Amino acid sequence: MSKSAELFERAKKSIPGGVNSPVRAFRAVGGNPVFVSKAAGSKIYDADGREYIDYVGSWGPMIVGHANARILGALRKVMGDGTSFGAPTELEVEMAEMVIKAVPSVEMVRMVSSGTEAVMSALRLARGFTGRDKIIKFDGCYHGHGDSMLVQAGSGVETLGLPDSPGVPAALAGLTRSLPYNDVTALEHAFKEEGDKIACVIVEPVIGNMGCIPPQPGFLQSLRTICDKYGALLIFDEVITGFRLALGGAQEYYKVMPDITTMGKIIGGGLPVGAYGGRKEIMEKIAPSGPIYQAGTLSGNPLAMSAGIENLKILSEPGVYAKLDESARLLCDGMKKVAEEAGVKAVFNRVGSLFTMFFTETPVTDYKTAKTCDTARFAKFFIGMLERGVYLAPSQFEAGFMSLAHSKDDVVKTLEAARETFKTL
Ligand code: KE4
């Protein structure tokens, strides 16, 4: 029995499902999850010391690669001075100034400790700012596990095929309306019906949580126009796309400005982090400058700030996003070719260094088309790749993440593993 299997048996006795986040349990792909012992660059190593080329990257934060020397150095520099104070520090101010400089629509930002917390706070802010209660989201988008967002959610909820989640009061769920992604008509209809009750529209500007699904041309601009027409706020959930598609995220990439942006992952450099920001007139409604309450013991934690600041410094260097894009293009174009040669029907979506191979012949543009995927075939592919030393996201409904640490050799090895694995499907 592998060390990972042993650890999984042991973990299941003390942690629900043996994991601290559902998607890690490999329920969608079968077999035992890999327990990771360490990571470096583009590689992770399991508890038995086996090496894998990693395309999960901790679900996004590890964009410069694992155990980056500059990030570890930044952590070493501050950890000797203490790990948390519950008081303001200069590092938090430096982080806030870097986020404001990078993200076009953000004039003020509040740090929190997870993407879920950022979204929960942004929704409360939108409701408090507009005085309205209803929220619009899109099928398959995942915005963390806050009650109002566990409606037709993607990511782990979709992976586990959960209808939504028990424990969310119907009265609250009833205030969230989920519409088909990329469907402007459905959105216009919803606003015609109850536009004066809608506080905000929240969207993943590029979906990462049904696999990678880009916005159709004009979709994001339509959200902006319709929100302006009815006085609702537009929230871009950039927990995945932020600092990944560009230093200024999807809003820089697509040139559409939201009112509030939620962020996370990359700005923590692998440590627990979240953030939400927007125009001053909105953000100043947040306590203590305004009446809308939000707080957090570890908000702006000095270690997370230090790692996140170093991550952003590396990402601010010239050529970074061109390199990320080129590596992901090489991988996806290569995979497409290998799949064709093997006669395997697949569709590829990619935006920059975010990508997914869907096991379907249908173009994947929303939840409905994503659901045409052959998830059993994906599971077989996943296990075959894992056995050949490639660690993909353990669900068809998750995205792949390229990092600066992935080499051409990693891509060549990945394509070779795919060529072999396709033969077994
Ligand atoms: P966290 O609470 O997990 O830090 O962030 C929630 C969140 C919010 N918004 C978006 C767009 C997100 O993708 C996420 C979390 N992403 C998932 C990956 N699909 C986290 C992985 C997991 O749940 O274990």
Side-chain angles (χ1 to χ4, degrees), residues 15-29 33-34 36 54-63 111-123 135 137-160 162 165 181 200-215 235-245 249-251 258 260-276 296 298-299 301 304 308 351 354-356 367 370 391-401:
I15 305 169
V19 291
N20 280 314
S21 200
V23 70
R24 303 177 188 175
F26 277 25
R27 289 279 174 100
V29 292
V34 165
V36 176
D54 175 27
Y55 290 103
V56 176
S58 182
W59 304 101
M62 311 322 291
I63 190 167
M111 301 311 296
V112 293
S113 296
S114 72
T116 294
E117 199 182 350
V119 168
M120 280 167 56
S121 311
L123 294 175
I135 293 168
K137 73 176 286 289
F138 295 94
D139 301 345
C141 286
Y142 177 72
H143 302 288
H145 64 87
D147 281 349
S148 294
M149 291 291 96
L150 288 180
V151 173
Q152 280 287 60
S155 186
V157 179
E158 193 48 45
T159 296
L160 299 178
L162 298 174
S165 170
Y181 187 73
C200 62
V201 173
I202 184 167
V203 68
E204 288 187 68
V206 174
I207 299 187
N209 290 296
M210 274 305 279
C212 174
I213 303 180
I235 301 176
F236 273 11
D237 181 351
E238 296 225 41
V239 168
I240 283 186
T241 56
F243 315 97
R244 175 162 288 275
L245 302 190
Q251 57 196 270
I260 301 174
T261 304
T262 53
M263 298 160 270
K265 297 183 193 273
I266 286 170
I267 53 171
L271 275 75
V273 77
Y276 62 105
L298 295 172
S299 299
N301 171 270
V351 183
L354 197 62
F355 58 90
T356 298
Y367 175 87
Y391 188 76
L392 303 171
S395 162
Q396 174 67 91
F397 306 118
E398 293 286 0
F401 298 87

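We count ligands from 1, going down the list as the structure has it; atoms in each ligand are counted the same way. Bear in mind that the values here come from a model prediction, so they are computed numbers and not experimental data.
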For the atom pair OH (Tyr276) and CG (Leu123), what is the distance rounded to the nearest 0.5 Å? 11.0 Å
Value for CD (Glu398) from CH2 (Trp59), rounded to nearest 0.5 Å, stands at 4.0 Å
If you take all heavy atoms of Thr116 and Gly144, which pair is closest and at what distance? OG1-CA, 3.2 Å
Applying ring pair (Phe, Tyr, Trp, His ring centres under 6.0 Å) to Phe401 and not counting sequence neighbours gives none
Any side-chain to backbone donor/acceptor pair from Glu204 onto Tyr142? Under 3.5 Å, distance only. yes
Taking Ser114 for the side chain and Glu117 for the main chain, is one N or O donor matched with an acceptor at less than 3.5 Å? yes
Below 3.5 Å only, please: the N or O atoms of ligand 1 paired with protein N or O atoms, distance on each line.
| unit_1 | atom_1 | unit_2 | atom_2 | d |
| --- | --- | --- | --- | --- |
| ligand 1 | 2 (O) | Thr116 | N | 2.9 |
| ligand 1 | 2 (O) | Thr116 | OG1 | 2.7 |
| ligand 1 | 4 (O) | Gly115 | N | 2.9 |
| ligand 1 | 9 (N) | Asp237 | OD1 | 3.3 |
| ligand 1 | 9 (N) | Asp237 | OD2 | 2.7 |
| ligand 1 | 13 (O) | Asn209 | ND2 | 2.9 |
| ligand 1 | 16 (N) | Lys265 | NZ | 3.1 |
| ligand 1 | 19 (N) | Ser155 | OG | 3.2 |
| ligand 1 | 19 (N) | Asn209 | OD1 | 2.4 |
| ligand 1 | 19 (N) | Glu398 | OE1 | 2.7 |
| ligand 1 | 23 (O) | Ser21 | OG | 3.4 |
| ligand 1 | 24 (O) | Ser21 | OG | 2.6 |

